[in-house]
**Student:** 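Mind looking over this structure? Questions follow.
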Amino acid sequence: MSEFVIKGGQILEAGVLRAADLLVRDGVIAQIGTGLNATRVLDAEGAVLTPGFVDLHVHLREPGDEDAETIETGARAAALGGYTAVVAMPNTRPPLDDPILVRAVQAIGADAICEVISSGCITIGRDGIALAPMGEMHALGVRIFTDDGSCVMSAGLMRRALEYSLGLEGSVIAQHAEDDSMCSGGSMHEGEWSSRLGIPGRPGEAEAIIVARDIRLAALTGARIHFLHLSTAAAVDLVRRAKSDGVRVTCEVAPHHFTLTDEACASFDPAFKVHPPLRSASDVAAVRAGLSDGTIDAIATDHAPHTPESKERPFEEAPPGMLGLETAAALTVTELVKSGVMSLTEAFAVLSSNPASIAGISDRHGAPLAEGRVANICVFDPDEEWIVDPVRLASKSRNTPYAGRTLTGRARHTILRGEAVVVDSAATR
Amino acid sequence: MKHLLSVDDLSRGDVEDVLDLATSFLAVTKRDIPKVPALRGKTIVSLFFEDSTRTRLSFETAAKRMSADVMTFSVATSSVKKGEGLRDTVGTISAMGIDAVVIRHSSAGAPQRVTEWIDASIINAGDGRHEHPTQALLDIFTITQHRGRDLSGLKVGIIGDVRNSRVARSDAKLLTALGAHVTLIAPPTLLPESVESWGATSSLDLDSVLPELDVVMTLRVQHERDAQSRFPSLREFTKRYGLTLERAARMRPDALVMHPGPMNRGVEIAGAVADGPSSVIDEQVTNGVAVRMAVLWKILGSGGDVV
């Protein structure tokens, strides 16, 4: 049976780094200690061992847009980014609104080098009209229900979805909070820059209005609501207050919303086009503050691959979305840890334990490394500097907004169920 | 000057050059044989992804009067959306060996993107709601013909569907850079989010501003860019912001009435005002050819004296 030791690294325990080797045998953590040995050794000198990262929000494009990404290539990008689990959004073609489609994604994902967790649609076809068979999908293990890419616009239907989810243990309704009626035709944040560039805007209030509404609906129903990719100061503030009021609300932010502002759109490069859009500097500051004070539970990538052809269009015509899996942890370290917004322990919490708990997979992801647990591990070097080269990304697509950026921090090894799927920042299969 | 994408690319010296050259070229266009060999051997492609009559004809006329070879690439928006992307389209054209592309596109920034893909000079003939730099130059040329080169303190009002207007943005920025005071006059729903970033001020009340204006520039209400959902009806728009005969009577006697065209007569401007004594709308069209000759010469020519 397979056995190897991760040697020379440090393990975070209650916020304190302690030197330790970790022995993996037959898929589980067999032993944690010093001076451990095995025939096969993975070097962890200078690196930190953490539970593998969990991404609540990725678009793997399969089925339907396999020229942009597949479950296999997306999972490879995830593993290289230090992830051991990703939640696949259901806005594929066709959308994952039926148990048979969920089954297909689960079957294809079974061979991937990162655990692929299928979400399911809230409404049939993501049309916002009738509830999808949430219970049947729940029976297959689906816990996150979302129409991501579209906002559930009807308050009445959103209330029913939340209420219905109360009968599906461990489930959560995840909302793409942008009021369509305020955003239609918009391609960037509405503000000074959209005004300069003549690009129709998507106002920040479109997000805050839905967040405010859905917080009321969550309070009314007692159900769990999760807000996807929040981007505005107003929304973060609403969530902060809702949490203190005891509403069952969680939220995530994407790295581009704490690293980039709407000014980037002045290049007219659609690499910077995303929904919700890159916001103002004050929104970025508020997102960082929300990460710092714990209002924001998770960093999720919203990894959204698009083929070069589809992004080689004028800004307004290009599809929204950017890659994220291979840069998220590094951006977290570079932009948040190194600048003192959060500690490395807190960074690992928003990248791993918190999202694992939201997705209901804490039995195998995100829990502190301990003997007997499934070996889903990231060996992360917080000091490695590297340059983002789109051509060298494992994703099938190239639409990163960080091309040429020097980042600090990189996953050196990733262990999935005891298999070293990434060794020395290269995928083993 | 390699490209003309935005009025931001133009220094005051560039504008002076264009105005000087346009004055010379205007004389050329009035000769019996209105043609000079200035750009013989140069190939210019006009690539219009959006409907246009006057801008396209104006550029093509300008290029022909400079003896350039003009290729007209017709693009039905639908076929482009279906098949070939912008990059492939311009790549194909570029492979034929050309010197400049005059491009109009419904999406802001499209001309700038094209500069990243091909070597030819790119001239922006209107990109979405963003900019229309040659329109601003010809408007300024027309104003200077009546008011002289010094525009400092000149009061210019731009009225109507400002928010959707690339002409308004280019005019406001360039006029402001040359010292004029620009007031954007529209209902709140047709003003941009950030008037300040255009260098302009704004007013919601045409009647209070109109008597002070030296230049009264009206804009077409752009049905195709959602303008109609931003006010109740054209009738109401005309009542509140239309340049009617009654309003025109309250203008300064020497005020200039301008319109970039095409006009909706009876909506933003009364036909009698457009054809009236204060109107310089036809001059704008005539000057457009001369100004575009000047721009083509500045971008493609030797830079020397041509006329």
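Letters A, B, ... mirror the listed sequences (proteins, then strands); counts begin at 1. Side-chain atoms are counted along with the backbone in the values below, which use heavy atoms only and exclude waters and symmetry mates.
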**Student:** Just give me the residue among A:Pro203, A:Pro270, A:Gly191 that pairs up with chain B most often, heavy atom to heavy atom, under 4.5 Å.
**Tutor:** A:Pro270

**Student:** Identify which one of A:Glu205, A:Glu207, A:His257 satisfies the side chain to side chain donor-acceptor pair (under 3.5 Å) criterion when paired with A:Thr232.
**Tutor:** A:Glu207

**Student:** Flag the pair A:Asp148 and A:Arg126 as a salt bridge only when some basic side-chain nitrogen lies within less than 4.0 angstrom of an acidic carboxylate oxygen.
**Tutor:** no

**Student:** Is it the backbone or the side chain of A:Ser310 that comes under 4.5 Å from a heavy atom of chain B, or both, or neither?
**Tutor:** neither

**Student:** Look at B:Glu116, B:Glu131, B:Glu193 and state which one has the largest set of heavy-atom pairs under 4.5 Å with chain A.
**Tutor:** B:Glu193

**Student:** For B:Arg87, is it the side chain, the backbone, both, or neither that has a heavy atom closer than 4.5 Å to a heavy atom of chain A?
**Tutor:** both

**Student:** Mind ranking A:Pro200, A:Gly185, A:Gly201 by heavy-atom pairs under 4.5 Å with chain B and telling me who comes out on top?
**Tutor:** A:Pro200

**Student:** Do B:His132 and B:His130 have ring centroids that are under 6.0 Å from one another?
**Tutor:** no

**Student:** Thinking salt bridges, do A:Asp65 and A:Arg93 make one under a 4.0 Å N-O criterion?
**Tutor:** yes

**Student:** What part of A:Glu309 gets within 4.5 angstrom of chain B, counting heavy atoms only: side chain, backbone, both, or neither?
**Tutor:** neither

**Student:** Tell me whether B:Asp51 at atom CG has more than 12 heavy atoms from other residues, nucleotides or ligands lying less than 6.0 Å away.
**Tutor:** no

**Student:** Heavy-atom pairs under 4.5 Å with chain A are the metric here; pick the option from B:Ser194, B:Ser165, B:Ala110 that has the most.
**Tutor:** B:Ser194

**Student:** Quick one: sort the B:Phe237 and B:Phe231 rings into parallel, tilted or perpendicular, breaks at 30° and 60°.
**Tutor:** tilted

